[in-house]
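Remember, predicted model here, so these are calculated numbers, not experimental data. The analysis underlying the following values was restricted to heavy atoms, covering all of them including side chains, and did not include hydrogens, waters or symmetry mates.
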Amino acid sequence: SKGPSLPHILERFTSNIEINIVDKNLTIDAIWYFDSYKNVVALKTTKFGINTKAIYNYPTNEVFIITEDNVCTVSNLTSRPETALFGIDSSDGYYHVMSSNYALKFGKQFNENIAVVPPFSMVNDIVYIGPDTVRGINVDHWRSCLYWPQGKANFTVDYYFSNTIMPLYTGQSSWNTSSASISSPVRADVSGIQQNSDGSTSNFHHVYDFFAFRLGIEDGSVFQTGPGIICPGRVNTQKIPSLPKQFYYRQEIAVPEVGLVTYADYCLTCKTIG
């Protein structure tokens, strides 16, 4: 039989991910916030004990990288190689994040005419392998071969989603996850070979384990840089409000180091009355 179709994931989700870079003996913990409706993605990572937050803002083609001491740097979204994980669609002249199925590498839209930077090319169709067990969870297993031109890499991806298929295909019971999603991603196992800058080649092996996958975004502020954080060079999307030609205000000035509080009156183009 042909086997079951790939799961469909809604366009707004949150997931914890344990990323194991096997070829470098490295683990990265991440929380992934994905919202294609608002056209934005956020990724919180912990690596070597250091916390970093990245916000991928598609409407302005910007990525904000914020360190744990609130230092922010800005770069073009189209220049960041990791945006290949989310995909970029500019078919209408504006930048949009691709669908959740693309982001989870379950879509069939690996086409250079759709993903602008950097596209993946399908070497062969996604194939259903069969039922399996990952971390004690009954899963369905698919596999595909991909080529990444920018990284000059050929690789195989094994996808595992929690099992919801009838025994007709799997012979095992469906699995109920903690998520409201009918089927949730459990693991993506990526292995292949890439060409290095010096012309040599090297093997790589990455394992992405998904935990606490849930639909929706609990707190939309995760897509904001946060109060008091300055990102030099970012696109100005709000104009400075115009001030009236005349105004007056009183200011409280507190100096907590010495326990001092003073007040000052400020007036622009005011005339003394009396």
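The aromatic rings of Phe13 and Trp32 sit perpendicular, their planes meeting at an angle over 60°, well past the 30° parallel limit.
Residues that satisfy the side chain to side chain donor-acceptor pair (under 3.5 Å) test with Thr262, not counting sequence neighbours, are absent from this structure. Contacts of Tyr249 classified as ring-ring contact (aromatic ring centres under 6.0 Å, His included), with partners at least two apart in sequence or in another chain: Tyr266. For Thr46, the side chain to side chain donor-acceptor pair (under 3.5 Å) test picks out Asn51, with sequence neighbours left out. With sequence neighbours excluded, no residue satisfies side chain to side chain donor-acceptor pair (under 3.5 Å) with Thr52. Every side-chain contact (heavy atoms from CB on, under 4.5 Å) that Ser183 has, sequence neighbours left out, goes to Pro7, Phe161, Ser162, Thr164. Qualifying side chain to side chain donor-acceptor pair (under 3.5 Å) partners for Gln224, counting only residues two or more places apart in sequence or in other chains: none. Considering only residues two or more places apart in sequence or on other chains, Asp23 meets the side-chain contact (heavy atoms from CB on, under 4.5 Å) condition with Ile21, Phe204, His205, His206.
Note that the CG atom of Asn70 and the CD atom of Glu68 stand 9.5 Å from one another [nearest 0.5 Å]. Between the CG atom in Asp35 and the OH atom in Tyr58 there is a gap of 12.0 Å [rounded to 0.5 Å]. Ser184 contributes atom OG, which lies 12.0 Å from atom CG of Asn163 (distance to the nearest 0.5 angstrom). In this structure, OH on Tyr33 lies 9.5 Å from CG on Leu43, to the nearest 0.5 angstrom.
Every pair passing salt bridge (charged side-chain N to carboxylate O under 4.0 Å, His left out) that includes a residue from residues 203-222 is listed here, sequence neighbours excluded: Arg135-Asp209, Arg187-Asp209. For the salt bridge (charged side-chain N to carboxylate O under 4.0 Å, His left out) condition, the pairs that include at least one residue of residues 238-262, sequence neighbours left out, are Arg250-Asp265. Evaluation of the disulfide (SG to SG under 2.5 Å) test over residues 188-251, restricted to residues two or more places apart or in two chains, returns Cys72-Cys231. Identified under the salt bridge (charged side-chain N to carboxylate O under 4.0 Å, His left out) test for residues 37-63, with sequence neighbours left out: none.
Placement of Phe213 and Ile19 within a single hydrophobic cluster is found when ILVMFWY residues are connected by side-chain heavy-atom separations under 4.5 Å, directly or transitively. If you chain together hydrophobic residues whose side chains sit under 4.5 Å apart, Leu26 and Val190 fall into the same group. Grouping the Ile, Leu, Val, Met, Phe, Trp and Tyr side chains by contacts below 4.5 angstrom, directly or via other members, places Phe211 apart from Val222. No path of Ile, Leu, Val, Met, Phe, Trp and Tyr side chains, each step under 4.5 Å between heavy atoms, connects Ile17 with Val207, placing them in separate hydrophobic clusters. Cluster annotation: Val157 is connected to Ile28 through the hydrophobic network of ILVMFWY side chains, with a link wherever side-chain heavy atoms come within less than 4.5 Å.
Residues Ile229 and Phe64 form no side-chain contact, since every pair of their non-hydrogen atoms from C-beta on lies 4.5 Å or further apart. Looking at heavy atoms from C-beta onward, Asn203 lies in side-chain contact with Ile193 at the 4.5 angstrom threshold. Taking the side chain as every heavy atom from C-beta outward, Phe223 and Asn57 never approach each other to under 4.5 Å.
Across all non-hydrogen atoms, the minimal contact from Ser144 to Tyr159 is OG-OH, 2.8 Å. Thr60 approaches Thr237 most closely through the heavy-atom pair CG2-CG2, 3.8 Å. Across all their heavy atoms, Ile65 and Ala54 have their closest contact at CD1-CB, 3.5 Å. Nearest heavy atoms, Asn196 versus Ser202: OD1-OG, 3.2 Å. Glu18 and Asn20 get closest at one heavy-atom pair: OE1-ND2, 3.0 Å. Scanning both residues, Tyr56 and Val63, for their nearest heavy atoms gives CD2-CG2, 3.5 Å.
A cation-pi geometry, defined here as NZ or CZ lying under 6.0 Å from the six-membered ring centre and within 45° of its normal, does not hold between Arg12 and Tyr37.
Through chains of ILVMFWY side-chain contacts below 4.5 Å, Val258 is grouped with Val255, Leu260.
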Please assess Phe210 against Val186 for the test side chain to side chain contact (heavy atoms under 4.5 Å, CB included), listing each intermediate value before the final yes or no.
-> CA-CA 5 Å; Phe210 296 83; Val186 175; 5.8 Å; no
Test log, rule side chain to side chain contact (heavy atoms under 4.5 Å, CB included), inputs Ile31 and Asn16 = CA-CA 4 Å; Ile31 306 177; Asn16 293 56; 4.0 Å; yes
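Proximity of a side-chain donor or acceptor of Thr225 to a complementary backbone N or O of Ile230 within less than 3.5 Å is not detected.
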